[in-house]
Amino acid sequence: MRTFSIDDPGVEPTDDGSGEMKETASGEHQCADSFGTGIQVFATTPPSSGSVRESYLAHFTEVARWSEAAGCVGTLVYTDNRLVDPWLVSQAIIASTKRVCPLVAIQPVYMHPYSAAKMVASLGFMYGRRVWLNIVAGGFTNDLTGLGDYTAHDARYERVKEYGQIMLRLLAGEVVTLHGEYYDVKNVRMTPTLPEPLRPGLLLSGSSPAGVAAARAIGAVPVKYPKPPGEEGMGEGNVEFGVRIGIIARETDDEAWHVARDRFPEDRVGQIAHSVAMKVSDSRWHHQLSRRTIATASSNGTAAEPNPYWLGPFQNYKTFCPYLVGSYERIAGLVADYMLLGAKTFILDVPPCADEFLHARVVFRAAAGRSREHATTRGATSTDDPPDRDPRPLQRPNDAAALHALVHERRLAE
Amino acid sequence: MTVSTTIDRLQLLIGDALTVDVPGADVDLFDAGLIDSLGLVTIIAEIEVEFEVELSLDDFDVDRFRTIERIAEYLADVGATAR
């Protein structure tokens, strides 16, 4: 009997099975796509707030190894005034894994673009590892004003444009001169130089028009906390976008909701924290999500079924992202809808255990299959139309059976 | 219960919850650096326990909680001191 561990997930490998970076036609080395789906899935690194100091380092590096073994491209390391430094966390992740890429949140207020570029170049020089960057303009005004930054919401995205331009040009090996509104650099170059395959992938958090425009200006993928697929529009100009979302999927809706409510029970202090946080945030995402009611009509639900789009964790201040909760089949349908709308990057929430990735894998593989079939069926028809629900059942039994077999094997091995 | 009693209770509550000495009921707690948004969450949660009230989640504007006097006025407005 073959034993199972998360290091050997046992399902088809995501690419050539080597676990190494792949070389594209352009010669660029990239982390492979996730789960053999053609999309990029990131996990999220546990934040230091609320963590036990003595075990935090061991915990988040273990989570990074789970993410790597599961086939994630990388893991988000986010940042705000309450958290430990994301670059130091990222370095620890790199040192304790073989290929997973830190997705480092960078905030212009915290670091000059030259210093951010220096971090990327230094990590590349020392470890030969590519990092991804998630540029955030800064949503919590208290964080910003505490540091003397009173830049208005849209102007912060103008600053992000200059920030990204300086950083990316430095990492491309240019000698950079830019006399901007926010930064002034003259004849500056980056040493050590960064090999082209290690140039960072770039995401930008923000769903406002200013955020999307900034992403476009610097060639970043805009990332948002999505609305339900039925309400979510195409990416502006049909451009690719990313979503940050949690997934709790199981064989049945009931099983998934049992897990969800057990993991995120109602918490009065959390609700107070959420309410206070919304008062001190000018993030459009936070306010859009906060205004939503839990009982939003679902595109594929009925009155008798729970809505799979769940804001419970957000409203109890356990996370900032919405969750999709339900059966593999139902959640795969929603994920496929996001894909058809242009989402090619998914940033999952912090995993509670390694096995959570197995459930996510079932969803993403089924969703990718459905999305491909749908795209083929639609052919050259307009992509502006909202996605129709595909009435055919997913190939769930195969994936679900594989999952059960793997879990069963693992239990036997233990 | 009077507002002045409420003020006394709030001073004790905030001092205990955040381990700070509040110099006066009219001191701006945020400007003085005595509390931040996380401290505000703690204070609200403690107030709900101490005054046996569940406050509206829509009411948590920072300005309502800037000074102990304002907090006492707010609690009076919502009837939290009347029991």
Side-chain angles (χ1 to χ4, degrees), chain A residues 47-53 78-84 107 109-110 138-150 264-283 286-295 311-320, chain B residues 6 9-20 22 27-81 83:
Chain A
S48 56
S49 59
S51 295
V52 177
R53 184 177 62 82
Y78 60 92
T79 185
D80 64 35
N81 287 14
R82 302 165 305 139
L83 302 174
V84 298
Q107 222 284 30
V109 166
Y110 292 155
F140 288 108
T141 47
N142 281 357
D143 280 6
L144 300 174
T145 57
L147 296 170
D149 182 61
Y150 296 90
F264 298 111
E266 289 212 356
D267 172 15
R268 177 65 185 169
V269 174
Q271 291 167 359
I272 294 169
H274 167 79
S275 180
V276 170
M278 292 308 102
K279 300 290 186 187
V280 298
S281 170
D282 65 354
S283 162
H286 292 167
H287 287 283
Q288 278 183 343
L289 287 185
S290 195
R291 280 195 296 268
R292 300 189 64 87
T293 60
I294 296 175
L311 292 175
F314 174 68
Q315 290 161 334
N316 284 277
Y317 207 59
K318 303 306 177 195
T319 185
F320 287 130
Chain B
T6 301
R9 289 174 67 186
L10 285 171
Q11 276 192 304
L12 281 174
L13 180 152
I14 293 171
D16 288 347
L18 303 180
T19 326
V20 296
V22 183
V27 170
D28 188 314
L29 302 169
F30 292 90
D31 282 353
L34 295 172
I35 66 171
D36 56 13
S37 53
L38 189 60
L40 178 55
V41 173
T42 303
I43 288 173
I44 293 171
E46 291 292 331
I47 286 172
E48 289 196 342
V49 173
E50 174 70 16
F51 291 83
E52 297 180 13
V53 64
E54 185 168 298
L55 302 170
S56 169
L57 293 173
D58 293 331
D59 285 352
F60 299 155
D61 292 298
V62 169
D63 284 343
R64 280 200 174 91
F65 296 86
R66 279 202 175 277
T67 68
I68 287 177
E69 284 178 346
R70 286 199 202 173
I71 299 173
E73 289 167 9
Y74 164 62
L75 292 178
D77 287 346
V78 299
T81 61
R83 65 184 177 80

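Lettering follows sequence order; numbering is per chain, from 1.
- For B/Glu48, the part lying near chain A is the side chain, with the backbone staying farther off; criterion is any non-hydrogen pair under 4.5 Å.
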Exercise for review: Start with the C-alpha distance between A/His274 and A/Gln271, add both sets of side-chain angles, then the distance that settles side chain to side chain contact (heavy atoms under 4.5 Å, CB included), and finish with yes or no.
Suggested key: CA-CA 5 Å; A/His274 167 79; A/Gln271 291 167 359; 5.6 Å; no
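- Residue contact with chain A, scored on non-hydrogen atoms closer than 4.5 Å, involves the backbone and the side chain of B/Leu57 alike.
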Check your understanding: Can B/Leu55 and B/Tyr74 be said to form a side chain to side chain contact (heavy atoms under 4.5 Å, CB included), step by step?
Key -> CA-CA 10 Å; B/Leu55 302 170; B/Tyr74 164 62; 3.6 Å; yes
Review point. Going through the checks in order, is the side chain to side chain contact (heavy atoms under 4.5 Å, CB included) test met by B/Val78 and B/Phe51?
Key: CA-CA 11 Å; B/Val78 299; B/Phe51 291 83; over 6 Å; no
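- With a threshold of 4.5 angstrom between heavy atoms, B/Asp36 does not approach chain A through any atom at all.
- We find that A/Asp143 and A/Arg82 are not joined by a salt bridge, their nearest charged nitrogen and carboxylate oxygen being 4.0 Å or further apart.
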